[in-house]
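Structure first, then comments.
Note: hydrogens, waters and symmetry copies are ignored here, and every other heavy atom, side chains too, is used. Source: prediction; values computed, not measured.
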Amino acid sequence: EDSRFRREVLAQWCLASELRCYPHAPKLLMPQATAPVVGRTVMATDMGWHDHTAIVILRLVPFRNEYEQPDGSVRVLQGEHVHVIYAYKRQHWQLPDIAARIRELQETYRVGTIVGDSGGNRIVVEAFASQFGVPMLPAQKAGMGVNRARIHTIDDLMAIGHVHIYEDAAPLMSELGSLVWNSERDNHDERQDDHCADALAYAILEHFVPTSESR
């Protein structure tokens with residue numbers, strides 16, 4: 001897996017590990033037939049006006065592992081795994097068509113929470129409920145303070161095996177494998193398409209970041 005070894009010994013082309021935002025992203029897509037059908041389900045959208053709009057759906061499934069210790073005690077590790085079961089992106093998508101697709105996916109995947117970002121324009125997101133009948137919450141873009149912390153958190157979750165990506169989320173996988181840091185190393189390179197990755201971040205932050213009582 002070492003990028004220098006692959007380039008200099010195996011003569012393979014690959015991105016340097018230190019340049020990639022998500023070096024621990026899963027290497028293979030999991031079969032869609034094995035995706036969980038029960039769990040808390042979150043949909044996130046990253047809307048682009050002149051480029052791609054992305055939709056990502058993930059399902060949060062509880063897990064509990066018990067490990068016997070030498071002294072006879074049992075160590076318990078429990079939480080939730082993130083199963084990314086769907087991802088899609090499309091250019092020049094109009095708002096009514098986005099809303100129609102969201103309603104369709106909401107019913108198909110039994111989505112409980114929908115979050116969205118429209119270039120920082122909360123009015124567009126909040127209007128989805130009144131205009132299109134979609135109860136969308138504004139994404140917590142600053143939930144961890146800076147984008148760098150959000151990216152590191154997601155990569156850490158991948159490193160410890162908490163994120164699983166399935167075949168219907170192939171557009172997300174293609175982004176995670178190629179996104180690199182910008183010159184300041186505080187966000188994705190602005191020249192790259194990162195809409196699915198951002199939508200994944202919004203969905204994960206909706207689950208992992210402490211939220212207000214009203215939310």
Side-chain angles (χ1 to χ4, degrees), residues 1-36 44-46 48 50-61 63 65 67 75 77 79-91 117 139 141-205 207-209:
E1 294 300 325
D2 180 73
S3 59
R4 184 178 178 186
F5 177 84
R6 289 178 59 187
R7 289 197 304 269
E8 299 185 8
V9 178
L10 302 181
Q12 296 177 346
W13 183 91
C14 68
L15 286 169
S17 299
E18 63 273 11
L19 296 180
R20 292 179 56 197
C21 295
Y22 304 99
H24 297 105
K27 303 298 185 295
L28 298 173
L29 292 167
M30 299 185 69
Q32 194 66 28
T34 64
T45 64
D46 182 55
H50 304 293
D51 51 7
H52 284 94
T53 290
I55 297 176
V56 170
I57 300 176
L58 56 83
R59 186 159 284 154
L60 305 161
V61 180
F63 73 92
N65 297 326
Y67 304 94
R75 180 185 176 209
L77 178 65
E80 285 181 310
H81 282 156
V82 176
H83 298 265
V84 187
I85 56 179
Y86 180 86
Y88 178 77
K89 61 183 178 182
R90 175 177 165 184
Q91 284 186 306
D117 172 61
K141 299 186 66 172
M144 289 186 168
V146 293
N147 288 331
R148 180 174 58 249
R150 183 180 73 190
I151 293 169
H152 281 308
T153 296
I154 294 171
D155 188 53
D156 287 345
L157 290 171
M158 295 174 179
I160 60 176
H162 279 316
V163 179
H164 309 279
I165 303 177
Y166 294 81
E167 291 171 335
D168 284 355
L172 169 65
M173 179 74 96
S174 65
E175 288 187 7
L176 296 177
S178 61
L179 284 171
V180 297
W181 292 101
N182 61 12
S183 57
E184 288 77 28
R185 299 188 68 84
D186 60 1
N187 202 350
H188 307 140
D189 189 298
E190 60 275 4
R191 295 168 295 181
Q192 292 186 278
D193 187 0
D194 61 354
H195 297 286
C196 283
D198 281 349
L200 171 67
Y202 303 150
I204 287 182
L205 290 188
H207 164 58
F208 282 103
V209 175

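Atom CZ of R20 and atom CG of L176 lie 8.5 Å apart (nearest 0.5 Å). A distance of 14.5 Å separates NE2 in H188 from CZ in R191, rounded to the nearest 0.5 Å. Interatomic distance, L77 CG to I160 CD1, rounded to the nearest 0.5 Å: 8.0 Å. Atom CD1 of I151 sits about 4.5 Å away from atom SG of C21, to the nearest 0.5 Å. Considering CG of N147 and CD of E184, their distance stands at 12.0 Å, rounded to 0.5 Å.
Partners of E18 under the salt bridge (Lys or Arg N to Asp or Glu O under 4.0 Å) rule, at least two apart in sequence or in another chain, do not exist in this structure.
Listed for the Q32 side chain is a donor-acceptor partner under 3.5 Å among the backbone atoms of E167. Panel note: side chain T34, backbone M30; no donor-acceptor pair is recorded below 3.5 Å. For Q91 (side chain) and T53 (main-chain N/O), no donor-acceptor pair under 3.5 Å exists by modelled atom type. The main-chain N or O of A54 is never found under 3.5 Å from a side-chain atom of R90 such that the two would form a donor-acceptor pair. When atom types are taken as modelled, the side chain of Q192 and the backbone of S178 share a donor-acceptor pair closer than 3.5 angstrom. Put simply, the side chain of D194 never gets that close to the backbone of A197: no donor and acceptor are under 3.5 Å apart.
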Fill in: D186 vs V146, side chain to side chain contact (heavy atoms under 4.5 Å, CB included): CA-CA, chis, key distance, verdict
CA-CA 8 Å; D186 60 1; V146 293; over 6 Å; no
Item to complete: I would like to know whether Y86 and V56 meet side chain to side chain contact (heavy atoms under 4.5 Å, CB included); could you show each step before the answer?
Response: CA-CA 6 Å; Y86 180 86; V56 170; over 6 Å; no
Worksheet entry | Evaluation steps, side-chain hydrogen bond (donor to acceptor under 3.5 Å, both in side chains), between H195 and H52 | CA-CA 7 Å; H195 297 286; H52 284 94; 5.1 Å; no
Practice prompt. Tell me, with the steps shown, if T153 and D155 meet side chain to side chain contact (heavy atoms under 4.5 Å, CB included).
Written response: CA-CA 5 Å; T153 296; D155 188 53; over 6 Å; no
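Residues I85 and L58 form no side-chain contact, since every pair of their non-hydrogen atoms from C-beta on lies 4.5 Å or further apart. In this structure the side chain of V84 never reaches within 4.5 angstrom of the side chain of Y166, judged on heavy atoms. The shortest side-chain heavy-atom distance between W181 and N187 does not fall under the 4.5 Å cut-off. With contacts defined as side-chain heavy-atom distances shorter than 4.5 Å, the pair L157/I204 qualifies.
When each of V163, I165, I154 is checked for a side chain to side chain contact (heavy atoms under 4.5 Å, CB included) with V82, only V163 meets the rule.
Nearest approach of L29 to A170, heavy atoms of both residues: CD1-CB, 3.8 Å. Taking every heavy atom of both residues into account, M173 and P26 meet most closely at SD-O, 3.2 Å. Considering every non-hydrogen atom in both F63 and E80, the closest pair reads CE2-N, 3.4 Å. Annotation for C196 and P171: closest pair SG-CB, 4.1 Å, computed over non-hydrogen atoms.
By the 4.0 Å N-to-carboxylate-O rule, K89 lies close enough to D193 to be salt-bridged with it. For the pair D198 and R150, the salt-bridge criterion is met [side-chain N within less than 4.0 Å of a carboxylate O].
Under the 3.5 Å distance criterion, with hydrogens and angles disregarded, no donor-acceptor pair is assigned to the side chains of H152 and Y22. For the residue pair H83/H164, the side-chain donor-acceptor check at 3.5 Å is not satisfied.
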